[in-house]
Amino acid sequence: MATDSAVPVPATHLDAARDAETATRNANEAMASGLKFGDTRDFEAAQRGLIAPVPGGVVRSESGTVLWNLGEYAFIDGEPAPGTVNPSLWRMARLNLANGLFKVTERVYQLRGFDISNMTVLEGDTGLILIDPLTTAEVARAALALYYAHRPRKPVVTVIYTHSHVDHYGGVRGVIDEADVQAGKVEVIAPAGFMEAISGENVLAGLPMMRRAQFQFGHLLPRGPRGQVDAGLGKAVARGTPGLIAPTRTIERPVEEHTMAGLRIVFQLAPDTEAPAEMHMFYPELGVLNMAENACPLLHNFIPLRGAVARDPRIWAKYIGEAIEMYSPHVDILIGQHHWPTWGRAAVRDHLEAQRDLYKHIHDQTLRLMNKGWRPAEIAEAIDLPPGLAERWSARGYYGTVNHNVKAVYQRYLSWYDGNPCNLHPLPPAPAARKLVEYMGGAAAVIERAHNDFAKGEFRWVAQVMKEVVYADPDNREARALCADALEQMGYQAESATWRNAFLFGAQELRHGTLRMPPRGLSADTLAGLSTDIFFDMLAIRLDPAKAAGQSMVVNWHFTDRAEQLALALGNCTLTHRLGSCSEAAIASITTRRDTLDAIVLGKLLMQDALASGAVRIDGDPSRVAALLAMLDPPSTMMFDILTPGEGRP
Ligand SMILES: [Zn+2]
């Protein structure tokens, strides 16, 4: 998942949402009739071992701002589901309300329902091992406080990040002090490639990911039966202050065993699964296996709606299979960093085998049909889970869906291009829409037909064709309203929380426009954690070629705090750099510290002040350095248009 947790949520009173249409009610009832609602074992598992709930259901910042509020979900109060919520999703929305401090078994506790993710506490002989300190410092601090209210106050001696997603590390500053890490009192452990994965996934394309994550998580939607009810993995991503303390040790070998605070931990690396850097853990003395985020009781994403490099479900299944083989004969309890545990050796094995087969099945069947020449949307329409998986709650698509996971498999192997050259060079969306609507007899004729199809319950088509009318003329209020109405019914029918959120947030933006929110960049911790290599790539993607045309130069950089140097070259309207080298032909040489440059990029320090104080020294031609910096776009604002064509585009 992505990082949008520090964005303040404006008061949203935009709930002009309509009720469920008859077609939607019928679809939801039909779905409910095929599922085993009588099987309530998950509800027992979600409550088992509860010691105390999240106090008041609320976490506040120091200044009193509410950052987490389970009370917003009080409307989720039993069966049956309202007509505006898919009944299977409603069930998950109820399960994800379980919250508080839970005893899993002796020495293993979990804090759930403080955030989208779980924090796991292992009680070692000499102190606590905390696994995945949630998304923000505030909720992580509150979670640890609840633990200490009921358990002995042993110090935290180790923090383990299971993988490189912010809901698994961002709250670290709420549970440990960086000075203790530097003093060697606290160790921070992560899988190999952790820091590189954070930079790779969330920095260069971080901004559009944050924007798209608004659709995935729905945090700017009102909560309610016509709004956000869940996020699939949990209720929502907690707000507050995300941060990062870099790991002091990474797990590098496929399987590594360490004894930490007197407890044996067997680490199993599982790279390129749910995250580029991820690992499982087995605690032999406790009979507990922790699958991080690779075996949650749902169908996960091969590509999340926020966007990501396509994941590899074949490898994902392989690592689950490896865990089954190595550990399941000794495992009595399976835990994860989302949702509730699975108890019992046979049940654990059964769950893991189903997860393995779920990912492998979608992968294999997509490739089977790809090999017959089928196109992505055709495969997605045809594949459904087979008997044995379909009726399992733990295989349902609350977060990922079979439909978009199929498209991710196709993309991974064959790219965005379906091979039909008619699709190789089409007009861009807005000009194509204008032509299309004109050929179809104009907007009024299209809207009239679409109203008829809406009445028949053909919401998918209505949204599809109304998108063309909106792109042809974004000011057409009737088209926007009808498109919103259709998306909304699709949201009410969606089993996946992320699909529901996307459809409903799309409807909200069509009706009320895009919220204009303050721009935000990287956190200081993320910036400090970036390698200088990625840092300069981050600058390079802001180069405006119109301003750089005809220019070329080389600038040498020296970072005294990291003993790093590099030559930054401009040519062909492109910035490239060579780490570790300097150029004799440089027009200037800049000497500073990386943390000084970070402060300038964060807007905490002005370049002219840094020059005046000597924090930045330029030997050579400062005016050409200034000209180079002026070729960079200002940092982008995130709230670009999605439901409408947007300004300045072809
Ligand atoms: Zn997660």
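Counting convention: from 1, in listed order, for ligands and their atoms alike. Residues take their numbers from the sequence shown, with the count starting at 1.
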Kindly confirm whether the Zn ion (ligand 1) is within less than 2.8 Å of some N/O/S atom in His338? yes
Flag, side chain of Arg212 to backbone of Leu207, donor-acceptor distance under 3.5 Å: no
Distance-only side-chain donor-acceptor flag, His219 / Arg239, under 3.5 Å: no
Sub-3.5 Å donor-acceptor pair from the side chain of Asn99 to the main-chain atoms of Val54, do we have one? yes
Side chains of His168 and Gln337: do they bring a donor and an acceptor to under 3.5 Å? no
Whether Asp132 has an N, O or S atom under 2.8 Å from the Zn ion (ligand 1): no
Of all N/O/S atoms in Glu293, the name of the one nearest the Zn ion (ligand 1): OE1
Taking both backbone and side-chain atoms into account, decide whether His165 has an N/O/S atom under 2.8 Å from the Zn ion (ligand 1). no
Using a distance-only test with no angle check, is there a side-chain donor-acceptor pair under 3.5 angstrom linking Glu495 and Ser88? yes
NE2 (His168) to the Zn ion (ligand 1) to OD2 (Asp167), nearest 10°, is 90°
